[in-house]
Amino acid sequence: MAIDFSRITLRPFKLSDVDDFMLLAGDDRVTYYTRWNTFASREQALTFIQDVCIPHPWSRFTCIDDRIIGFISVSTGSGDERCRAEIGYAIAVKYWGQGICTKAVRIAVSQVFKDFPDLVRIQAIVNVDNKASQRVLEKAGFLSEGMLRKYAYHKRIVKDVAIFSLLAEDTRPPE
């Protein structure tokens, strides 16, 4: 059954969302490529929402009909790095492969470029083995800039990553 993309929204985190969030955060398949480990308890997820997600300058749940199915976070630089930001996201396994994550990334990019006027670049650093996430980025208009070898620790192992970017000027219609 095809998803009506108009039902997809992004909204700020709320503590009352903890049980729905556990459907993502408690699933090893979802957290496999995230920077954080799978949550073992509701309390752990609640603390994460309270201490990390709510105070974050731009972190949102991805929802269908206001029901949480994923999340997106955009971290902006400061000072001389305020021209760029990094995006990260995940979605519940049930919704993989349906274009929902791509739509959510597009919504996020549009909003972030409005919210941060100094921003000219959003980038994503993705494990080279995470082909599905790379495809989401490509479908959302990001360009592959290549591979960074042995670039970052991911769950205690140094990994190669692919880097993608989208410039603000790439999102505007031609004049």
Side-chain angles (χ1 to χ4, degrees), residues 1-36 38-39 45 48-49 52-54 56-76 84-117 119-145 162-175:
M1 177 180 202
I3 296 290
D4 176 0
F5 288 132
S6 69
R7 296 171 40 215
I8 299 168
T9 58
L10 303 181
R11 68 165 172 79
F13 287 70
K14 297 184 290 193
L15 293 177
S16 59
D17 294 320
V18 67
D19 292 322
D20 287 339
F21 183 56
M22 274 301 292
L23 297 174
L24 308 165
D27 188 332
D28 290 331
R29 296 168 296 175
V30 174
T31 63
Y32 186 79
Y33 290 115
T34 65
R35 292 182 180 168
W36 34 272
T38 305
F39 294 144
F48 184 76
I49 291 171
V52 177
C53 301
I54 290 175
H56 192 281
W58 210 98
S59 191
R60 306 286 189 271
F61 275 131
T62 302
C63 302
I64 293 180
D65 298 331
D66 206 40
R67 181 81 186 214
I68 295 162
I69 62 161
F71 73 90
I72 293 187
S73 180
V74 179
S75 299
T76 58
R84 70 176 181 258
E86 187 170 328
I87 191 168
Y89 47 85
I91 194 164
V93 172
K94 175 181 176 180
Y95 299 98
W96 286 3
Q98 298 179 45
I100 296 167
C101 204
T102 299
K103 176 65 174 176
V105 167
R106 287 178 180 148
I107 293 168
V109 163
S110 176
Q111 189 60 54
V112 167
F113 278 129
K114 290 175 189 167
D115 291 348
F116 299 96
L119 195 62
V120 296
R121 171 192 172 94
I122 298 176
Q123 63 189 29
I125 296 174
V126 183
N127 186 306
V128 294
D129 298 327
N130 192 346
K131 301 299 183 192
S133 186
Q134 292 176 46
R135 186 70 186 121
V136 164
L137 293 166
E138 289 168 347
K139 288 169 42 179
F142 283 70
L143 297 177
S144 172
E145 293 184 337
I163 185 164
F164 289 78
S165 70
L166 181 68
L167 305 181
E169 62 196 48
D170 297 337
T171 65
R172 293 186 204 112
E175 295 178 16

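Everything numeric here is computed off the predicted structure, so don't read it as measured data. Here, residue 1 is the first one in the sequence, and each next residue gets the next number.
- With values rounded to the nearest 0.5 angstrom, Arg84 atom CZ is found 13.0 Å from Ile122 atom CD1.
- With a 4.5 Å cut-off on side-chain heavy atoms, Phe142 and Val105 count as touching.
- Between Ala124 and Leu137, the shortest heavy-atom contact is CB-CD1, 3.5 Å.
- Closest heavy-atom contact between Val93 and Asp27: CG2-OD2, 3.6 Å.
- Remark: Arg135 CZ to Cys101 SG distance equals 13.0 Å, nearest 0.5 Å.
- Taking CD1 of Ile69 as the reference point, atom CD1 of Ile100 lies at 4.5 Å (rounded to 0.5 Å).
- Annotation: Arg35, atom CZ; neighbour count of heavy atoms from other residues, nucleotides and ligands within 6.0 Å does not exceed 12.
- Between the CZ atom of Phe39 and the CZ atom of Phe48 there is a distance of 4.5 Å, given to the nearest 0.5 Å.
- Asp17 places a side-chain N or O within 3.5 Å of a backbone atom of Lys14 that can act as its donor or acceptor partner.
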Anything under 3.5 Å between a donor and an acceptor, one on a side chain of residues 109-117, the other on a protein residue two or more places apart or in another chain? List them.
| residue | atom | partner | partner atom | Å |
| --- | --- | --- | --- | --- |
| Gln111 | NE2 | Asp115 | OD1 | 2.7 |
| Asp115 | OD2 | Trp58 | NE1 | 2.9 |

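- Not less than 6.0 angstrom separates the ring centroid of Tyr32 from the ring centroid of Trp96.
- Residue pairs meeting the side-chain hydrogen bond (donor to acceptor under 3.5 Å, both in side chains) criterion with at least one partner in residues 66-75, sequence neighbours excluded, are Arg11-Asp66, Asp20-Arg67, His56-Ser73, His56-Ser75.
- For the pair Val128 and Gln134, the tightest heavy-atom approach, listed with the atom from each and the gap, is O-NE2, 3.1 Å.
- Taking the side chain as every heavy atom from C-beta outward, Tyr89 and Val136 approach each other to under 4.5 Å.
- A donor-acceptor pair is defined here as one N or O able to donate and one able to accept, closer than 3.5 Å; such a pair exists between the side chain of Arg106 and the backbone of Lys139.
- Taking all atoms of both residues into account, the shortest heavy-atom contact from Arg60 to Pro12 is CD-N, 3.7 Å.
- Of all the heavy atoms in Ile87 and Ala108, the pair that sits closest is CD1-CB, 4.4 Å.
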Problem - Step-by-step side-chain contact (heavy atoms from CB on, under 4.5 Å) determination, Tyr95 to Thr62 - result: CA-CA 11 Å; Tyr95 299 98; Thr62 302; over 6 Å; no
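- What you find for Ala90 and Thr34 is that their closest heavy atoms are CB-CG2, 4.3 Å.
- Ring centroid separation for the pair Phe61 and Phe21 comes in under the 6.0 Å cut-off.
- Atom CD1 of residue Ile8 and atom CD of residue Gln98 lie 9.0 Å apart, to the nearest 0.5 angstrom.
- To the nearest 0.5 Å, atom CD1 of residue Ile49 and atom OG of residue Ser16 are 8.5 Å apart.
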